[in-house]
Structures are given as structure tokens and as C-alpha cells.
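Since the structure comes first, as C-alpha cells, the remarks are kept for the end.
From a predicted model like this one, the values you see are computed outputs, not experimental measurements. A, B, ... follow the sequence lines: proteins, then strands. Residue 1 opens every chain.
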Protein chains: 2
Amino acid sequence: MKRFEKTSITIKDIAKKAGVAHSTVSLVMNDREHVSPKLREKILKIANEMGYMPNMVARSLISKKSSTVGVVFPENPHFFTITYFLMIIEGIQNACKKYNRALMFFSLDQTKGESYYQISRKWLIDLMIIMNVDYTRDISKDIQDLRDNGIYFSFLTKYLGKEKVNSVCVDNFEGVRIALEYLASQGHKRVGFIAGNPNSADGPERSQAYKALSRKFGFDQDDELTVQGDFTFESGEREMPKLLTLKKRPTAIFAASDYMAIGAMRVIKEQGLYIPKDMAVMGFDNTLEAAYVEPALTTIRQPLQEMGEKAVDLAIRSMNDENFEPQTLALKPELMKRRSC
Amino acid sequence: MKRFEKTSITIKDIAKKAGVAHSTVSLVMNDREHVSPKLREKILKIANEMGYMPNMVARSLISKKSSTVGVVFPENPHFFTITYFLMIIEGIQNACKKYNRALMFFSLDQTKGESYYQISRKWLIDLMIIMNVDYTRDISKDIQDLRDNGIYFSFLTKYLGKEKVNSVCVDNFEGVRIALEYLASQGHKRVGFIAGNPNSADGPERSQAYKALSRKFGFDQDDELTVQGDFTFESGEREMPKLLTLKKRPTAIFAASDYMAIGAMRVIKEQGLYIPKDMAVMGFDNTLEAAYVEPALTTIRQPLQEMGEKAVDLAIRSMNDENFEPQTLALKPELMKRRSC
DNA sequence: TGGTTTTCTCGAAACGTTTCATGGTATTTT
DNA sequence: AAAATACCATGAAACGTTTCGAGAAAACCA
């Protein structure tokens, strides 16, 4: 039993009512030339009266463009509650509104062998924002596929392969520099470092920056001052005790993410130590939570909304301009002084 | 200059290679009967080799179904950083994966006169989750439009009109009851109440529950103990001073949202008062931030992920079962004891 | 005025699917 | 062995657009 016979207004309905060919209506709807002003106006009026709304799907089919931005993020059941991602997505959403595009979300189960290109093809996505790739797998073939098929895309964050692609990230080196400089200015010489996910783009970069700069600022160089986390709260909690039980304890902790810093803070407080008096803590990201923990976390702000917005901007520019050179945008981080240092 | 001539594998390419009609390939791809096993297998093999992936857009066009869930949320520049919404969205995303649907986001600018139905029609959305409607405008016509055109939908949270529709919400009355019972058990008799947005579904419900129950628990009944917020942090900050400057100060504050509670806490701490010793604070929602503030906020947990998931479930059931009666699901809240009480 | 150019409108084809009536082949029944 | 039935595969039509070549009408020019 069909319940809903009522069908929507199409271009043909308008054509019939106006007594013209439906192709003419199409021209009017797309604001193309070669239609006399009089007829154009008449058609517009009728379309308005009938409440016409173009069917984007039919449009997509023929143009092979979807007016859609697809955000592809790694399979992670809690993706949406990581406020780091959220702030980026907010930026993306703003950009979508600016360009009058719909926003689609896909989580990519790399294990199932689904590729970025397949997603774009399946849904006719023409702009893709690729988030936080896990570099355990080589994705240069994925990129080639997107390229070959005219899909425009940007990476968030930095793309690690050697192809030239659009990507937006924070200037990690500068971020680490600001952080260490601040710690040094407070008289710290022995700084523990909780490193981030080694399979991400940001993790290794921050680690390298730390290694290079901690020497420059004259910090102690013991290897045991660095522990390996993966950006999560849990890893901060897990690794912090290793730093606390060192014979010679650090006076400050620098974590490569706020979540790890917050996890570490929890351990430190549990040990009865006071932050920042007994041990200073510094994070990286400036996620929402950083402002709420006690004491509020001093951290390096990434301009996350801006990053999301710029990622879309870049992809759009690539699309509109044949000769636009894909580029990597490294935005400036900023010190957020709060009470944990 | 066309750069990308390469075109994707279609059902026809497969048909040609297999030497059959493309309609036969279609049958195979959709797992329909009436194709001999031998041929089916042959076609599947070829499709696999060629890396076929169905074009959902063409599919949508003909079936008028999009395999898409559209989430429509109110125009709000910071929608995505409100973790309350996020946790719901996480649930929606989980459900989408379960049902193998893509997730689309739309912010509805009610002022521009865009309607829910227009969005669904434009993008051929067939399942819609309508979030946090602002009831300053009557939307019963919108609902009728959706109905008339066979669009299935759920409200989040409760729908206030008289039509029978799918909606998912938390049992506000029970939540308020649990909260006040707990406050009463701690000996509080004078409780300040910061009410939520009066144009939402939850705001008035919680206010009414408060009014009814605070009497039952024997709390003071001064009108001045209730102030009017709108769920935001800022409104909590704004309204709290009115309660602090009362001749007879309340011993506890109950806010209709965590954000307002956190805003209130800030004001209280600034006045040099200690929480919970000088004044207890209780929130509602259990957003992410509640666990991070100092002292951690005692609050009423809404099962937000579950709510998102159930909203999709309901819409799907309506779609699959002609006779399914639209229903309102009121999920049970839960007391999160933390340190602010 | 007659021819040429420009402007406007139209009809047909295409996009990649699904659906459905039709007919052909294989299998069963009598 | 012929008739009836089941099973397969097909080709055409449809979904709502855009595009494009062609014809008709209008405008221009000499």
C-alpha cells in the first residue's frame, strides 16, 4: 500500500503550468542567460507560487557534483566526545554554511578496506576533509585515487607523505618552543615530557621539537624524562607514575595533549602533590576541558575552529582554480596562561 | 579544459564485460532472486575485479530514498562546542553506522523561512532528527508537511505540540525528584533554582517539576528563590548574584543545566564562598565539563548517547512498520554524586 | 525588402540506477 | 510427447535534472 502519492514539485510541473519546455525552466533556475526577462520573471513567479525546491540529488547525478563536504574521520567510538575534534568540526560547519554546502560525516573503517575514494564515489562527495589519519598504513595510493578522479580534499592535520596536498595544521615547533620558553622562564630545568601518538602527524613532530628545544633551553637531557603516551586521558594516567617515581623527580610536566595533561594531573593530585607548587603541568591543544580542570590548565592553544574553516577554504580554492598549488598551512599557536604552571 | 575524463565503473560496464543486460547486474547487486547462481557469481566476480561501488545518488533519485539521516539543529554558531549536543550526536552517529546510513548536518535558519520539509526534499533526506526546537514559533505545519510527504522523523527532545510524533527525552520530573530528594537528604531546606530556557521543551518541564516537588520536600517557597536562565553558562553567571544577595541566602543551588550550574559556581567562588561547605550546587545533564570543574559537579545524568540512538531507532521503526505508533520515550535519569553537594 | 546576424526557446539525450512487463528456455506434469 | 509451469534474463521506461545542437523568431543592416 503506497501511502504517499503526493509528489514534489518538479521543473516539469512548472514548465507545464508556464507552457514552456522544462529545459527553459532549468535555465531560469540556474540564472543562465538567453532567456528573455519577461519569460524569466513569469517562470520565477510560478516557481515561487508552487514552492519549487530543486532536487539536489538529480542535480548531483548529472553534474557529478554534490554540493557536499564530506568529513572522514577515523573509526573511533568516542570521536564525537573528543572536544578537540569538535572544535575543528565547528569550523568546518561554519565554512559549509559560507559556501552553501551540506555537511556529511563518515567514519572510515580502514580495516574493512574502505578507501577515501570509495566513499567519495559512493556518495558523490566532491570535497573531502580527511581528519587525523593513522599513518600505520600508507595512504599515498588513496590520495592518488582522489586526485585521479577529481576529488578535492584537505588534510587535517598535516599530511606526512611526500605528495603536495592541501593540509592545515598548527605550527608544532613553535608551539613547543613557546611552551618550553615559558617553563624555562619560570625557572624549570627538569621537565618531564609525555609524548603523543607516534602514528599521528602531530605526535612525532612535537616529540622532535621537544628533543631539539629542551637542549637549547638547557633542560636536563635524561631519556627517562620522556614517556610515550597516545594523546588520550588514559595514557596520561598510565605514564605519569613513571615520571613521579624517578629518583630525581621533574619539577614540571609537559604533555603533548591536554587530555594527557589532565590524566597526569589526576595522578599527581592523588599523590598528594600540589599543582603548580610541587609540580607544574602544561598541556597542548586548549580543548574545552582545559579551562575547567582545577587548577585550570596552562596550555598551548591551537586555533581549532580556524583550522577547520581553512581546510574547507583550501579545498574550495583547489576546486575553483586549476592552477592553485596545494599548500600546507601551519597556523600559529598561542600560550594560554592559566594556573597549572 | 576537462582534466578528469576517467569515469567510474558503472553497472553497465559490468554488464558489458559479463555480456548481460545491466538490469541483471542490478538484480545481483541488490541480492534479488531470479538470477541463476552461476550467473550471479560470475557477475559478482567481475564487479569485484573492477572495483564497482554503487552510486548512491542515482539510487536515491529513483528510489526517492537517500540512505541518509539528516540532523537538523537550531542556528547557533557554537552548536558543536556544546557538549550536551555532542553526546547526543555521538549516539546518532552510532545508530547511523548500525543502519548503514550516512549522516548529514543542517542548521536551520528559521528566520530565513526554510522549513524542515524543504531540507528533506532538497537533499532527499528520508530520516530526520529534529533537535532542540525553539517553540517561539508554531511548527505543527512543518510536521504536517513532513508527514504528508512520507518523511520519517524523531524529535529530540520532547515535542510540545499535540500531534503524536516520535520523540525522545529524559524524564524531567523524575530527574528533578532525584535531585531534590538528594538535597533534602543532605538537610537543605532553602534551595535556589535557576530555571532553563522557557522556549525549550525541557526548561518549563523542569521548572514545573521544581515547583511541585520543592513543596513536597518541604523547601522554602519564596518566589525570589527562582531565577530565570536560558541553559547557558552566561545566564548562570548573570542570575546567580540575585540569589547570593537575598536577605536569607539559600544553602543550595539547583540549576536546570550543568552550564548554568558551572556559571553559578564561578560566581560563588568569586564571592569567597566554599562549595559545598557554604553553598551546595547541583546541575542537570551531566555534560563532559561537569566532571572537570572544581569541585566536580553533582548532577543528574541524562543518557544522552542513548537518547540519540533511540531517536534514530524510532524513526527507522516508523519507516519499516506501517502500523508503528509514534511514541515519546522518556529515559530514566540518574544521580551522579560528586563533590559539589 | 531581403538577407544576415543575434536572441530566444525547444526537444532530445544523458547521468546511473531500479522496476516491471515480456518472452524465452528449462523443467515438470500428464 | 505435448502441455503446463517454473525459472531466468532482457529491454524499455522512469527518477529530476542539465546540456547542447538546432530551429524559429526577432532584430539588425544595407
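The side-chain contact (heavy atoms from CB on, under 4.5 Å) search around A:K12 returns A:T10, A:H22, not counting sequence neighbours. Evaluation of the side-chain contact (heavy atoms from CB on, under 4.5 Å) rule for B:Q144 yields B:R147, B:D148 as partners, not counting sequence neighbours. Partners of A:L27 according to the side-chain contact (heavy atoms from CB on, under 4.5 Å) rule, which considers only residues two or more places apart in sequence or in another chain, are A:R32, A:V35. Looking at residues two or more places apart in sequence or on another chain, you find a ring-ring contact (aromatic ring centres under 6.0 Å, His included) between A:F105 and A:F80, B:F105. Applying the side chain to side chain donor-acceptor pair (under 3.5 Å) rule to A:S63 yields no partners; only residues at least two apart in sequence or on another chain are considered. When the side-chain contact (heavy atoms from CB on, under 4.5 Å) test is applied to A:A102, the partners found at least two apart in sequence or on another chain are A:T68, B:M104, B:F106, B:W123.
Rounding to whole angstrom units, CG of residue A:L61 and P of D:dT19 are separated by 13 Å. Here C:dT18 presents its P atom at 17 Å from NE2 of B:H34, a figure rounded to the nearest Å. Rounded to whole Å, the distance from CD on A:E33 to P on C:dT7 is 9 Å.
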Could you tabulate the donor-acceptor pairs under 3.5 Å formed by side-chain atoms of residues 47-62 of chain B, not counting sequence neighbours?
| from | atom 1 | to | atom 2 | distance (Å) |
| --- | --- | --- | --- | --- |
| B:N55 | OD1 | B:V57 | N | 2.8 |
| B:N55 | OD1 | B:A58 | N | 3.1 |
| B:R59 | NH2 | B:N30 | OD1 | 3.4 |
| B:S60 | OG | B:M56 | O | 2.7 |
| B:S60 | OG | B:K65 | O | 3.1 |

Within the sub-3.5 Å range, which N or O atoms of nucleotides 19-25 of chain C have a protein N or O partner, and how far apart are they?
| from | atom 1 | to | atom 2 | distance (Å) |
| --- | --- | --- | --- | --- |
| C:dT19 | OP2 | B:R32 | NH1 | 2.8 |

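For B:R59 and C:dG16, the shortest distance from a side-chain N or O to OP1 or OP2 is not below 4.0 Å.
For the salt bridge (Lys or Arg N to Asp or Glu O under 4.0 Å) condition, the pairs that include at least one residue of residues 115-129 of chain B, sequence neighbours left out, are B:R101-B:D126. Residue pairs meeting the side-chain hydrogen bond (donor to acceptor under 3.5 Å, both in side chains) criterion with at least one member in residues 307-317 of chain B, sequence neighbours excluded, are B:K98-B:D313, B:Y99-B:D313.
Under the 30°/60° scheme for interplanar angles, the aromatic rings of A:F155 and A:F153 are found to stand perpendicular.
Over its length, the helix from C:dT1-D:dA30 to C:dT30-D:dA1 turns its helix axis by 40°, as judged from the five terminal pairs at each end, rounded to 10°.
Here B:V20 lies in heavy-atom contact (under 4.0 Å) with sugar-phosphate atoms only.
Heavy-atom distances under 4.0 Å link DNA chain D to B:S36, B:L39 of residues 36-53 of chain B, given in residue order.
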- Item | Derivation and outcome, side-chain hydrogen bond (donor to acceptor under 3.5 Å, both in side chains), residues A:D142 and A:Y117 | CA-CA 7 Å; A:D142 294 58; A:Y117 169 59; over 6 Å; no
